S.K.: 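Okay, handing you the structure first.
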Amino acid sequence: GVTTASLKSDAASKYTNYTITYTANNLVINPRPVTYTVGSQSRTYGDVPATYTGTFSNVVNNDSLGTNTTLAQDKYTLKNASPDAITNEAKTNAGSYTILANDSAVQALITNPNYKLGTNTSGTLTVNKLGITYTADNKTKVYGEANPEYTGSFNGTILDGDATGE
């Protein structure tokens, strides 16, 4: 927290030819602002989501911020261009998302009164597309007749519930 200390000069020992009248003043020591940075992640569509993480910086003197500086998973929010939160699951659509940590939850991790949350920096989750191959079946036709039905097959994993477009 904020600490106040009285300040008084040692000028008397340096200026022996003067009578010095002291006016004490205060030194206010404010908590040091720290930065919490959410770790960025990358995975492929269908992979099990990784655990969110974050780190503190701007801590001095090998100080500890508190006994537990691990933010609970439900204190992170995943967002894209929509204002609504996204659920981070295996079938989160391919794309880029912002990972946000809840300010008050991060501040609650800091129990050392000499520190406070200054900046909370978001991370990025990149969900890459899952690669698959579609192989068309060979077909034949006689000139002038209707085209045969096009068929083929996917080689790779199509997740349950995803449409193949076949």
Side-chain angles (χ1 to χ4, degrees), residues 1-2 29-166:
V2 175
I29 304 170
N30 293 309
R32 182 179 188 85
V34 294
T35 297
Y36 186 79
T37 303
V38 176
S40 291
Q41 301 179 15
S42 179
R43 65 177 177 82
T44 300
Y45 176 75
D47 288 351
V48 175
T51 301
Y52 296 125
T53 60
T55 57
F56 285 100
S57 59
N58 201 30
V59 179
V60 295
N61 302 324
N62 292 320
D63 283 348
S64 171
L65 294 177
T67 56
N68 176 20
T69 55
T70 302
L71 191 62
Q73 292 299 292
D74 65 347
K75 302 302 179 192
Y76 291 95
T77 305
L78 190 63
K79 293 197 173 224
N80 60 8
S82 159
D84 300 323
I86 306 295
T87 302
N88 186 17
E89 54 190 30
K91 291 180 71 174
T92 297
N93 290 332
S96 185
Y97 301 87
T98 301
I99 309 168
L100 303 166
N102 179 283
D103 283 346
S104 58
V106 173
Q107 179 62 55
L109 295 175
I110 304 170
T111 57
N112 184 330
N114 293 319
Y115 293 91
K116 69 176 183 176
L117 179 61
T119 304
N120 186 355
T121 304
S122 62
T124 301
L125 169 64
T126 302
V127 179
N128 299 306
K129 293 181 178 185
L130 177 62
I132 58 172
T133 302
Y134 181 81
T135 303
D137 295 332
N138 289 324
K139 301 287 180 172
T140 59
K141 79 170 202 165
V142 173
Y143 177 74
E145 292 182 359
N147 287 334
E149 179 182 342
Y150 295 114
T151 59
S153 60
F154 284 100
N155 183 6
T157 302
I158 301 291
L159 300 180
D160 289 339
D162 282 353
T164 60
E166 287 186 292

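Only a predicted model underlies this, so the values are computations on that prediction, with no experimental measurement involved.
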S.K.: Give the C-alpha distance, both sets of side-chain angles, the deciding distance and a yes or no for side-chain contact (heavy atoms from CB on, under 4.5 Å) between Y45 and K91.
M.R.: CA-CA 6 Å; Y45 176 75; K91 291 180 71 174; 3.4 Å; yes
S.K.: To the nearest 0.5 Å, what is the distance between CD1 on I110 and OG1 on T69?
M.R.: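 The CD1 atom of I110 sits 9.5 Å away from the OG1 atom of T69.
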S.K.: Give, for atom CG of L100 and atom CG of N120, the distance between the pair rounded to the nearest 0.5 Å.
M.R.: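 Interatomic distance, L100 CG to N120 CG, rounded to 0.5 Å: 8.0 Å.
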S.K.: Given the rule in the side-chain contact (heavy atoms from CB on, under 4.5 Å) test, do N93 and V127 qualify, once you have shown the distances and angles that lead to the verdict?
M.R.: CA-CA 7 Å; N93 290 332; V127 179; over 6 Å; no
S.K.: How close do T44 and K129 get, heavy atom to heavy atom, and via which atoms?
M.R.: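 T44 and K129 have their closest heavy atoms at CG2-O, 3.8 Å.
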S.K.: Would you say the side-chain atoms of Q73 pair up with the backbone N or O of Y52, donor to acceptor, closer than 3.5 Å?
M.R.: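 Judged by distance alone, yes, a pair lies under 3.5 Å.
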S.K.: Minimum heavy-atom separation for G39 and I99, please, with both atom names.
M.R.: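 Looking at all heavy atoms of both residues, the shortest contact is O-CD1, 3.8 Å.
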S.K.: Is the closest side-chain donor-acceptor distance between K139 and T151 under 3.5 Å?
M.R.: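 The criterion, which ignores hydrogens and geometry beyond distance, is satisfied for T151 and K139.
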S.K.: At what distance, to the nearest 0.5 angstrom, does CG of L125 lie from OG of S40?
M.R.: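 Reported value, rounded in 0.5 Å steps: 9.0 Å.
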S.K.: Do the side chain of Q41 and the main chain of T51 share a donor and acceptor less than 3.5 angstrom apart?
M.R.: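 Checking the backbone N and O of T51 against the side chain of Q41, a donor-acceptor pair under 3.5 Å is found.
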S.K.: Going by atom types only, do N128 and S42 share a side-chain donor-acceptor pair under 3.5 Å?
M.R.: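 A donor-acceptor contact under 3.5 Å links the two side chains.
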S.K.: Quick one: does N114's side chain have a donor or acceptor within less than 3.5 Å of a partner on R32's backbone?
M.R.: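 Such a contact is absent between N114 side chain and R32 backbone.
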S.K.: On a heavy-atom basis, which atom in V38 and which in A101 lie closest, and how many Å separate them?
M.R.: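 That closest heavy-atom pairing would be CG2-CB, 3.8 Å.
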S.K.: Please indicate whether E149 has more than 12 foreign heavy atoms, meaning atoms of other residues, nucleotides or ligands, lying under 6.0 Å from its CD.
M.R.: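 Result for CD/E149: open.
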S.K.: Should we count CG of N138 as having more than 12 external heavy atoms under 6.0 Å?
M.R.: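 For N138, atom CG is not crowded (no more than 12 foreign heavy atoms under 6.0 Å).
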S.K.: Say you draw a straight line from OH of Y115 to CG of L65; how long is it, rounded to the nearest 0.5 Å?
M.R.: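 One gets 6.5 Å once the value is rounded to the nearest 0.5 Å.
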S.K.: Hey, does the side chain of Y36 reach the backbone of L117 with a donor-acceptor pair shorter than 3.5 angstrom?
M.R.: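 No.
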S.K.: List the atom of T111, the atom of G66, and the distance in Å for their closest heavy-atom pair.
M.R.: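 Nearest heavy atoms, T111 then G66: OG1-CA, 3.1 Å.
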S.K.: Does some side-chain heavy atom of L71 sit less than 4.5 Å from a side-chain heavy atom of V106?
M.R.: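 In contact.
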S.K.: Okay, side chain of N155, backbone of T135: is any donor-acceptor separation there less than 3.5 Å?
M.R.: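 Not a single qualifying donor-acceptor pair exists.
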S.K.: OG/S64 to CZ/F56 distance, rounded to the nearest 0.5 angstrom?
M.R.: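 These two atoms lie 10.5 Å from each other.
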S.K.: Considering non-hydrogen atoms only, spot the tightest contact between T70 and L109 and give its length.
M.R.: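 Heavy-atom minimum between the residues: O-CD2, 3.8 Å.
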S.K.: Indicate yes or no for a side-chain donor-acceptor contact from N61 to the backbone of D63 under 3.5 Å, with no hydrogens or angles considered.
M.R.: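 Flag not set: sc N61 to bb D63 has no pair under 3.5 Å.
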S.K.: For the OG1 atom of T92 and the CG atom of L78, what is their distance to the nearest 0.5 Å?
M.R.: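 So the OG1 of T92 and the CG of L78 are separated by 6.5 Å.
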